[in-house]
Asker: 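Before I ask anything, let me first share the structure, which is written out below as structure tokens.
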Amino acid sequence: YSSLSPWLKNTETSRWAGPGIRPFQMKEDNYRSSKQQLLKAFDRSIARSRGVLIARYGHEQAEALIQESRAEYEMIIPQIPFIGRRSPFLMFLLPTSRYLAMYRVLRRKDMATAEAGRIIFQMNEAELDAIPMPLRRIIGYVWFSPWFIRRLRKRAAESQEQRYPGGYLLTFIEGDVRMFDYGIDYTACAGCVLLNQLGAPELAPFMCALDKGASENLGWGLTRTMTIAEGHGKCDFRFKKGGKTDIIIPPFVKEACKL
């Protein structure tokens, strides 16, 4: 849950490595030099969702699966698209890279895509459930604060420079007050780039579905009608304080995750 930290700090001086990790320095245009910190982020993330694996496999098999996934993640780290040294959007990209490691291990064990996607969905639910209620309220407040919205406008403008191949490209959408407070249209997604490059594009719709739980737990009031992962030209995020979460999820994902 600390992956939201970049927005709660000065994003000009902070860098985010993932849940539970302090801001870190990257010495080159990839994340290889931060491998140990990213592995610690993996460990903290899995600690919150370990129960899902134990319930399914038992302690011994679950621990073996975790260690195999950790080794897989270590190989993935150098291949994560570089999106900058200060990017708060690492809070979306890095979890995708961690879940990709688990997914690849599950698939090598002949597990179907739908079942592997369901396990990852459940693991994410467990992580969200671990967020203390006071922190959820703080995040919900910050998400609609004038400061946060100013930062989003700036990040959206910066993304148009396309400094990082394979990075995020987004446009800030002014709200109409009645329907939504503000929106973001993504026309390029680093998470999709990573999944495509590593041969797992079918995981992308499951990753997008995780936004449902995030919105419900953190008070985003998210509505979304399309995603790049489903073959559309953009992801149309709209946020409404106090609003109901309403995002389109593909039928095969809904069936797999029992939504």
Side-chain angles (χ1 to χ4, degrees), residues 3 6-7 76 79-84 87-100 103 113-114 117 120-121 124 143-144 148-216 218 220-240 243-257 259:
S3 59
W7 294 114
I76 288 174
Q79 303 176 73
I80 299 173
F82 184 73
I83 61 172
S87 177
F89 296 102
L90 287 169
M91 70 180 179
F92 303 123
L93 178 59
L94 294 180
T96 298
S97 68
R98 291 193 293 268
Y99 286 130
L100 172 61
Y103 175 77
T113 294
I120 288 170
F121 188 89
N124 182 255
W143 208 260
F144 295 95
F148 181 81
I149 293 172
R150 285 197 302 270
R151 302 304 298 174
L152 272 177
R153 285 195 186 96
K154 181 178 180 181
R155 292 298 180 180
E158 290 173 347
S159 77
Q160 299 300 317
E161 300 172 8
Q162 300 187 48
R163 294 174 58 194
Y164 305 111
Y168 293 96
L169 182 61
L170 54 145
T171 302
F172 184 88
I173 306 297
E174 297 292 343
D176 63 2
V177 182
R178 186 175 65 88
M179 296 299 294
F180 64 96
D181 294 309
Y182 67 89
I184 294 288
D185 281 350
Y186 290 88
T187 50
C189 170
C192 287
V193 170
L194 171 65
L195 296 177
N196 286 332
Q197 289 180 343
L198 296 188
E202 71 280 5
L203 179 60
F206 288 90
M207 299 307 304
C208 294
L210 302 185
D211 292 333
K212 178 179 186 295
S215 177
E216 291 172 345
L218 304 176
W220 289 353
L222 172 65
T223 60
R224 189 179 64 206
T225 66
M226 65 185 76
T227 65
I228 295 170
E230 297 172 70
H232 296 283
K234 66 180 181 180
C235 306
D236 59 338
F237 286 73
R238 300 294 183 268
F239 300 97
K240 177 65 176 177
K244 180 182 178 181
T245 298
D246 184 16
I247 67 174
I248 301 299
I249 297 176
F252 67 92
V253 175
K254 294 179 71 172
E255 181 179 357
C257 299
L259 298 176

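Just so you know, these numbers come straight off a predicted model, no measurement behind them.
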Asker: Any chance CD of E230 has more than 12 other-residue heavy atoms, nucleotides or ligands included, within less than 6.0 Å?
Answerer: yes
Asker: I need the minimum non-hydrogen distance between L169 and S159, along with the two atoms involved.
Answerer: CD1-O, 3.2 Å
Asker: R238 pairs by side chain to side chain donor-acceptor pair (under 3.5 Å) with which of T223, T225, D176, D185?
Answerer: D185
Asker: Within the side chain of S97, is there an N or O that forms a donor-acceptor pair under 3.5 Å with the backbone of I80?
Answerer: no
Asker: Working to the nearest 0.5 Å, report the span between CG of N124 and CG of D211.
Answerer: 9.0 Å
Asker: Is there a side-chain contact between F237 and L222 (heavy atoms, below 4.5 Å)?
Answerer: yes
Asker: Can you measure from CD1 (I120) to CE (M207) and round to the nearest 0.5 angstrom?
Answerer: 7.0 Å
Asker: Is there side-chain contact between F89 and I83, with heavy atoms separated by less than 4.5 Å?
Answerer: yes
Asker: Please give me the minimum heavy-atom distance between A204 and A229, naming the atom from each residue.
Answerer: CB-CB, 3.5 Å
Asker: Can you tell me how far the CG atom of L203 sits from the OG1 atom of T96, to the nearest 0.5 Å?
Answerer: 8.0 Å
Asker: Do the charged groups of D181 and K240 touch, with an N to O distance under 4.0 Å?
Answerer: yes
Asker: Roughly how far, to the nearest 0.5 Å, is CG of L210 from OG of S215?
Answerer: 12.5 Å
Asker: How long is the gap from OH on Y168 to CD on Q162, to the nearest 0.5 Å?
Answerer: 15.0 Å
Asker: Using a 3.5 Å distance criterion without hydrogens, assess whether the side chain of Q160 forms a donor-acceptor pair with backbone atoms of L170.
Answerer: yes
Asker: Tell me if the CZ atom of R153 is crowded by more than 12 foreign heavy atoms within 6.0 Å.
Answerer: yes
Asker: Indicate yes or no: at least one non-hydrogen side-chain atom of C257 is less than 4.5 angstrom from one of F206.
Answerer: yes
Asker: Between the side chains of Y103 and T113, is a donor N or O closer than 3.5 angstrom to an acceptor N or O?
Answerer: yes
Asker: Tell me, do M226 and I248 make a side-chain contact under 4.5 Å, heavy atoms counted?
Answerer: no
Asker: Identify the two heavy atoms, one from G167 and one from A188, that lie closest to each other, and give their separation to 0.1 Å.
Answerer: O-CB, 3.7 Å
Asker: What heavy-atom pair brings F92 and P95 nearest, and what distance separates the two atoms?
Answerer: O-CD, 3.5 Å
Asker: Do you know which two heavy atoms are closest between P201 and N196, and how far apart they sit?
Answerer: CB-OD1, 3.0 Å
Asker: With a 4.5 Å cut-off on side-chain heavy atoms, are T187 and T171 touching?
Answerer: no
Asker: Can you tell me how the ring of F172 sits relative to the ring of Y182, calling it parallel under 30°, perpendicular over 60° and tilted otherwise?
Answerer: parallel
Asker: Hey, what do you get for CD1 (I184) to CZ (R155), rounding to the nearest 0.5 Å?
Answerer: 12.0 Å
Asker: Identify the two heavy atoms, one from P81 and one from Q197, that lie closest to each other, and give their separation to 0.1 Å.
Answerer: CG-OE1, 4.5 Å
